Enquirer: 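For reference, the structure I am asking about is given below.
Just so it is clear, the model here is predicted, and its values are computed rather than measured. Here is how names work: the chains are called A, B, and so on, in the same order as the sequence lines, proteins then strands, and each is numbered from 1.
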Amino acid sequence: MTLYFYFLVFPGLLFAAVSGGILSWFDRKVTAWVQFRKGPPFFQPFYDFLKLLLVKETIIPTQGSGAVFLMAPVIALFGATMSAVFILLAAFGINTGFTGDVIVIFYLLNIPAISYIIGAMASGNPLASVGASREIKLIISYELTFLLVVAAVIFKAGMSISLYDIIQAQADHAFIGSLSGIILFIAAIFCIQAKLGLVPFDIAEAETEINHGSFIEYSGSAYAIILLTKYIMLFTLPAFIVVLFMGGLSVTGMGVVYSILKIIAVVLLITLIRNTNPRVKIKQAMRFFFIWMNLLVIIAIVLMWFGL
Amino acid sequence: MTGAEVKQNIESKWSGKISEIGLKSEKRLFVTISPESLPEVAQYLFDDLKCRFITASALQSKRGFEIYYHFSVDVIGLIINVHVVLPESKPEVESLANISVATNWIEREMHELFGIIFLNHPNMEKLISEGNWEEGEYPLRKN
Amino acid sequence: MSFKEHIFKKSLWLFHYGGASCNNCDIEILDCLTPRYDVERFGIKLVGSIRHADVLLVTGSINKKDKERLLEIYKQAPKPILVVAMGACGCTGGIFAEGNTFAGPVDKIIPVDAYIPGCPPKPEAILAGIVKLVNRRNGK
Amino acid sequence: MKKETQKTINTIIPIGPYHPLQEEPELFKLYCDGESVKDVEWITGYNHRGIEKLSESKTFDQVFFLVERVCGICSTSHPFAFANCMEEIAGVEIPDRAKYIRSIIGELERIHSHLLWVGLAGHFLGYNTVFMWAWKYREPVLDLFEMISGNRNSYAMFKIGGVRRDIENDKIPRMREVLDTVKSKTNMLIGAVLDDPVIHARTKGVGVLTKEDIIKYGALGPAARASGVPIDVRRDDPYAAYPLVDWKVITAEEGDVFSKAKVRLLELLESISIIEQCFEGLKKEPEGAIETIVKEIPAGIGTGRAEAPRGEVFHFVETDGSNYPKRHKIRAPSYMNIPTFKKSCVGQSISDATIALAAVDPCYCCTERMGFAYDYETKEKILNGKDLLKLGQVKTKAIRAKMEQEP
């Protein structure tokens with residue numbers, strides 16, 4: 001029974017979705033604040049989600065294949081929840097004894113992006129296929145950097161590939177303290193920015209160019225599930241960064257306040273990046289990741305090798 | 001060079017073909033020429049006087065279809081209006097689109113609204129009338 | 001039913017359909033998003049795809065070529081959809097009513113829920129119109 | 001499309017007709033090969049209102065209200081050109097105070113139109129903060145318009161022989177104060193926008209128009225000035241108060257989206273200084289002397305033009321002595337600027353094509369008062385405009401039918 005509890009309620013679907021919603025509200029509020037606006041009310045993300053789920057009808061385009069079109073958001077949701085569970089279990093200090101979970105998490109985090117592509121291709125709308133092709137290019141570009149960052153952290157934590165050990169290794173000093181840790185942190189932030197599809201790298205669903213790119217044909221409950229996946233990802237990815245660099249979260253007394261502050265700090269950073277620069281072209285994004293980010297991570301690894 | 005000098009040059013160059021020429025004000029020159037000599041005059045205005053093509057206005061009057069081609073000599077702010085009269089029965093004139101791409105669209109528009117035929121126009125395609133009014137209809141005609 | 005109404009009221013996503021307009025109304029719609037009027041406080045957002053839309057905001061007089069597109073867009077919108085005819089041109093065709101390509105005001109083409117007159121209607125008028133539209137919902 | 005090239009051009013990306021990028025209905029068909037645009041087809045007609053035919057059924061006084069609604073953002077340049085044209089036919093000289101008021105309204109509109117464009121350009125690039133800031137600083141200018149003329153956009157200030165309402169001298173301090181805030185904010189915007197490295201990356205070298213292109217296509221306004229062609233009706237064929245005020249024409253050389261933005265932003269500052277000089281002029285003139293009575297309009301032909309925010313607006317009117325124009329031809333600036341898309345968009349990637357389309361600040365409803373379509377070179381059409389549009393949506397009709405059966 002505790003398995004269902006873990007997956008569906010505590011670190012899983014419900015908890016991640018609610019905290020993701022709150023973070024998404026925080027993100028929109030900060031954006032509005034930066035633009036001298038008042039911003040949406042607190043429950044706005046939940047209103048949007050519920051409205052799409054309950055009130056609106058779903059239209060399945062016949063041009064593409066309906067089944068795959070509807071399955072894609074569900075797979076995305078499944079991937080996001082699974083990654084949320086694994087990350088948060090370790091983050092809250094519950095030793096699951098599952099040693100290789102960093103590798104598993106790394107692949108689970110990819111499932112939402114890939115299922116968006118499948119969904120977009122299945123919708124048969126030319127704009128969606130352009131969005132999907134851009135999403136593929138984006139994945140290729142930031143995936144290598146993300147892999148290098150995770151590898152560097154594993155290397156830093158004494159070659160252990162269990163998230164729990166990584167957190168224990170940071171007990172005395174968090175990885176972000178060291179010089180290489182900071183560089184890795186910066187690279188990780190940009191990877192998250194691309195993975196979440198936020199502005200500098202939101203080319204796939206560039207709202208103004210190919211309106212909502214891959215999600216153009218989604219409506220009603222299908223789009224509600226995608227929105228839910230986005231909320232969960234907005235919570236799990238910063239949590240993953242906090243675990244890798246800032247020594248995980250803790251549920252005891254004062255620790256709770258610290259962990260909340262850590263996650264909010266990461267989300268704030270992402271939002272400010274989102275608001276201070278325009279969208280880059282797909283070519284520039286790929287060059288940015290292939291050359292600059294990989295270079296940065298390699299420098300960090302070399303520094304780490306020297307023990308910095 | 002002033003408006004009067006431009007009038008002199010044009011008058012001397014095409015004395016035969018000009019039926020009427022007049023400086024309405026320092027910055028407005030009106031020239032009426034025969035339809036056949038239109039491409040030649042336009043070529044001269046584009047190349048020698050470095051005119052910029054503003055637009056062309058077509059209208060229907062008792063004398064038939066009249067077209068004013070407006071050229072602007074920006075340096076001195078002069079507008080040269082080349083005026084051409086086409087008989088109502090056969091409203092045809094040589095197209096200027098081969099000389100300057102700027103005239104391509106205005107001629108297609110005039111064709112659509114007045115039914116004036118522009119000979120060997122590169123792509124005399126349908127205008128917005130595709131959804132708004134039928135082929136043979138010419139909304140701005142006075143009949 | 002009232003819970004669904006409440007939810008629908010709190011999160012309206014606008015899709016803007018510009019007919020043959022002088023784009024004064026279109027600019028006023030964008031004005032509503034700017035800091036001074038900021039419709040996001042009411043949970044109202046401008047979306048790019050008709051699939052995500054709740055409110056179809058029609059501006060400008062509809063000419064014959066627009067008519068088919070308007071019907072097409074209206075069919076594609078997921079129900080329930082609210083239609084708002086905006087500006088004098090949207091409501092009655094305004095100054096372009098006698099034009100040779102005018103194809104009738106919006107309510108002759110698709111059922112309209114709310115009218116926002118004015119040329120261009122001030123952003124305050126647009127907000128008032130949407131608030132009235134939303135409050136009237138529970139009547140229907 | 002030629003048969004053999006159809007294989008290379010596979011995806012047709014219809015941007016529009018109801019695309020959030022533009023606030024007006026235009027259908028751009030970008031024929032692209034992967035991400036790069038091979039050709040642009042531009043189908044319009046959605047905005048056509050037959051204004052020229054309507055104008056023939058209106059008296060000269062009513063034509064001002066019709067002509068004002070040709071385009072919302074440059075809603076004073078059309079009456080400006082029409083007034084110049086009618087005054088040329090009637091041979092009327094308007095009092096200096098009316099000249100100053102006309103120039104003030106014209107320049108205020110240039111300010112709010114350029115600020116609007118800077119905001120929209122930021123929005124197209126995905127840089128929504130610039131959009132929000134630019135439009136936030138544009139609001140006080142619209143408040144000024146409301147104070148002077150009672151409406152935010154269609155001001156109904158113009159009349160044959162002068163202006164309908166006076167700008168009293170006691171309003172001037174309030175206007176000066178608003179203009180100072182706009183000036184400081186514009187300087188901040190210039191700093192924020194023009195020095196931002198990412199904006200440089202997105203706009204430098206994009207949608208380039210060389211000097212020859214501008215002359216070949218007869219392009220106008222800021223788009224021409226950004227490529228080094230210094231044409232400006234206010235200086236070449238001066239009207240209203242522009243000869244009484246000293247100012248300079250801003251030009252740039254590269255002709256890409258970045259220089260178009262630079263020209264527009266610097267023109268903003270130029271407009272502010274023009275308005276301030278007009279304030280001085282207003283103080284000297286007696287209050288109330290804002291029009292000369294025009295008894296009747298003789299038969300004749302007139303050509304009037306004015307410098308709208310997007311370029312030269314041209315009006316041609318033929319009168320037959322009655323109270324109605326016999327023929328009224330309107331040519332908006334975007335009519336000449338839009339064909340340059342062929343040159344500036346082909347070869348770009350899709351995301352560049354959108355910003356290149358927007359860089360010329362095309363105002364479709366200006367162009368559309370008569371409307372035109374530009375077609376691909378070949379004569380024979382594989383699918384005409386309607387079919388192509390239906391292609392994307394025929395599937396949804398089938399679904400609609402299927403959805404209706406199930407309750």
Enquirer: May I ask you to test the C/R41-A/P40 pair for a side-chain heavy-atom distance under 4.5 Å?
Expert: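 C/R41 does not reach A/P40 side chain to side chain.
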
Enquirer: Over all heavy atoms of both residues, which pair between A/P41 and C/E40 is shortest? Give the atoms and the distance, please.
Expert: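 Between these two residues, the closest heavy atoms are CD-O, 4.0 Å.
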
Enquirer: Please determine if A/K56 forms a cation-pi arrangement with C/W13, meaning its NZ or CZ atom is less than 6.0 Å from the six-membered ring centre and no more than 45° off the ring axis.
Expert: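 Because its charged atom misses either the 6.0 Å distance or the 45° angle limit, A/K56 does not stack over C/W13.
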
Enquirer: Please check if atom OH in C/Y74 has more than 12 non-hydrogen atoms from other residues, nucleotides or ligands closer than 6.0 Å.
Expert: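 Counting other residues, nucleotides and ligands, OH of C/Y74 exceeds 12 neighbours.
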
Enquirer: Less than 4.5 Å to any heavy atom of chain A: does that hold for the side chain of C/L33, its backbone, both, or neither?
Expert: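 When you check distances to chain A, only backbone atoms of C/L33 fall under 4.5 Å.
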
Enquirer: How far apart are the closest heavy atoms of A/R37 and C/T34, and which atoms are they?
Expert: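 Here A/R37 and C/T34 meet closest at CD-C, 4.3 Å.
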
Enquirer: For the residue pair A/L54 and C/F8, establish whether any side-chain heavy-atom pair is separated by less than 4.5 Å.
Expert: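 Answer no - side chains too far apart.
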
Enquirer: For the interface with chain A, which of C/I7, C/I44, C/D38 has the highest count of heavy-atom pairs at distances below 4.5 Å?
Expert: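 Looking at each of C/I7, C/I44, C/D38 in turn, C/D38 comes out on top.
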
Enquirer: If you define the side chain from C-beta out and look only at heavy atoms, does anything of A/Y47 sit under 4.5 Å from C/H6?
Expert: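 A/Y47 vs C/H6: side chains touch.
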
Enquirer: So with a 6.0 Å cut-off around OH of C/Y37, is the heavy-atom count from everything else above 12?
Expert: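 Yes.
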
Enquirer: If you define the side chain from C-beta out and look only at heavy atoms, does anything of A/V55 sit under 4.5 Å from C/F3?
Expert: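 A side-chain contact under 4.5 Å is absent here.
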
Enquirer: Tell me, side chain or backbone of A/Q35 under 4.5 Å from chain C's heavy atoms, or both, or neither?
Expert: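 Backbone only.
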
Enquirer: Would the distance check show the side chain of C/H52 and the main-chain N or O of A/Y218 forming a donor-acceptor pair, the cut-off being under 3.5 Å?
Expert: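 Yes; judged by distance alone, with no hydrogens or angles, the pair exists.
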
Enquirer: With side chains defined as the heavy atoms from C-beta onward, is the minimum distance between C/R36 and A/F36 less than 4.5 Å?
Expert: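 A side-chain contact is absent here, since even the closest heavy-atom pair is not under 4.5 Å.
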
Enquirer: Sub-3.5 Å donor-acceptor pair from the side chain of C/K10 to the main-chain atoms of A/F46, do we have one?
Expert: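 It does not hold such a pair.
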
Enquirer: Does A/E57 reach the main-chain N or O of C/P78 with its side chain, forming a donor-acceptor pair under 3.5 Å?
Expert: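 Here the side-chain-to-backbone pair does not exist.
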
